[in-house]
Amino acid sequence: MNQINIQYYKVASSEFILGSYGDKLCMLDFRYRKMRNSIDNRIQKFLNAQYIEKDSEVLKETRKQLDEYFSSKRKKFELPLLMLGTKFQKSVWKELLKIPYGQTASYLELSRAIGNEKAVRAVANANGANAIGIIVPCHRIIGSDGSLTGYAGGLPFKKKLLDLENNLLAM
């Protein structure tokens, strides 16, 4: 069986699980999220692999870039990604990558961007299934009325991420 190298990464108010397969990052997710089993099962099934707690070059680089992001020294991540999901989910995640640092979009705007305005609920579900958080910036999706909406790491952490990005833009 194949292996997915995993490591844990902590910040002040949260803990993440990072995963690499080969030389690509396949997971940067909240360690204790509600959908943990679902995300883990999907990743392991897609890759026919199991988790092994072992470091890798891509995981080291991911931690370095996250440290820079959280210390307001990085706006753009430069990591090889392996997004594991359906064709539809991948289309949503690719659109998320296009949302600029410090900006937000609504689920409706994201639905329009993938060419299916009526897929708002499916887009929201794909957003919630994102296993490469922060780098694939699902935290930049807000409600059409500008309100913060669900987030795997909780709304307070989502607000911290958006504030971090907005404060750096103001500098």
Residue pair [X] / [Y]: nearest heavy atoms and the distance that separates them:
X	Y	result
Ala119	Phe88	CB-CZ, 4.2 Å
Asn2	Leu47	ND2-O, 3.1 Å
Ala131	Ile43	CB-CD1, 3.8 Å
Trp93	Ala129	CZ2-O, 3.7 Å
Ala105	Ile99	CB-CD1, 4.0 Å
Ser72	Leu164	OG-CD1, 3.3 Å

*By ring pair (Phe, Tyr, Trp, His ring centres under 6.0 Å) - contacts of Tyr151 (at least two apart)*: Phe30
Under a 4.0 Å threshold between the charged nitrogen and the carboxylate oxygen, would [Y] count as salt-bridged to [X]?
X	Y	value
Arg36	Asp29	yes
Glu15	Arg31	yes
Arg63	Asp55	yes
Arg112	Glu109	no
Glu165	Arg140	yes

_Donor on one side chain, acceptor on other, Ser13 and Lys160, under 3.5 Å_ = yes
*Decide whether Gln3 and Asn5 meet the rule of one side-chain donor and one side-chain acceptor closer than 3.5 Å.*
yes
Report whether [X] and [Y] are members of the same hydrophobic cluster (ILVMFWY, side-chain heavy atoms less than 4.5 Å apart, transitive linking).
X	Y	answer
Tyr8	Val58	no
Leu79	Val136	yes
Tyr32	Ile6	no

First locate atom [atom1] of [X], then atom [atom2] of [Y], and finally report the distance between them rounded to the nearest 0.5 Å.
X	Y	atom1	atom2	answer
Lys90	Lys94	NZ	NZ	6.5 Å
Asn130	Cys138	CG	SG	4.5 Å
Ile4	Lys24	CD1	NZ	14.5 Å
Phe16	Leu28	CZ	CG	6.0 Å
Arg74	Gln65	CZ	CD	3.5 Å
Ile142	Gln103	CD1	CD	11.0 Å

Main-chain N/O of [Y] paired to [X] side chain as donor or acceptor, under 3.5 Å:
X	Y	value
Ser14	Val11	no
Asn127	Val123	no
Glu95	Val92	no
Ser20	Asp23	no
Lys64	Leu59	no

_If you apply the rule side-chain contact (heavy atoms from CB on, under 4.5 Å), what do you find for Thr86 with Gln89, and how did you get there?_
CA-CA 5 Å; Thr86 65; Gln89 287 172 325; 3.3 Å; yes
*Residue list, side-chain hydrogen bond (donor to acceptor under 3.5 Å, both in side chains) with Asp145, at least two apart or on another chain*: Ser147
_Per the salt bridge (charged side-chain N to carboxylate O under 4.0 Å, His left out) rule, what does the pair list look like for residues 80-89, sequence neighbours excluded?_
none
*Applying side-chain contact (heavy atoms from CB on, under 4.5 Å), run through Met83 and Ile132 and close with a yes or a no.*
CA-CA 8 Å; Met83 294 186 269; Ile132 308 177; 4.0 Å; yes
*Assess whether side-chain contact (heavy atoms from CB on, under 4.5 Å) is satisfied between Met27 and Leu18, documenting all intermediate values.*
CA-CA 5 Å; Met27 181 172 49; Leu18 310 176; over 6 Å; no
_Step-by-step side-chain contact (heavy atoms from CB on, under 4.5 Å) determination, Tyr69 to Tyr101_ = CA-CA 11 Å; Tyr69 172 83; Tyr101 182 95; 3.8 Å; yes
*Test Tyr107 against Asn125 for side-chain hydrogen bond (donor to acceptor under 3.5 Å, both in side chains), laying out the working first.*
CA-CA 10 Å; Tyr107 291 110; Asn125 287 335; over 6 Å; no
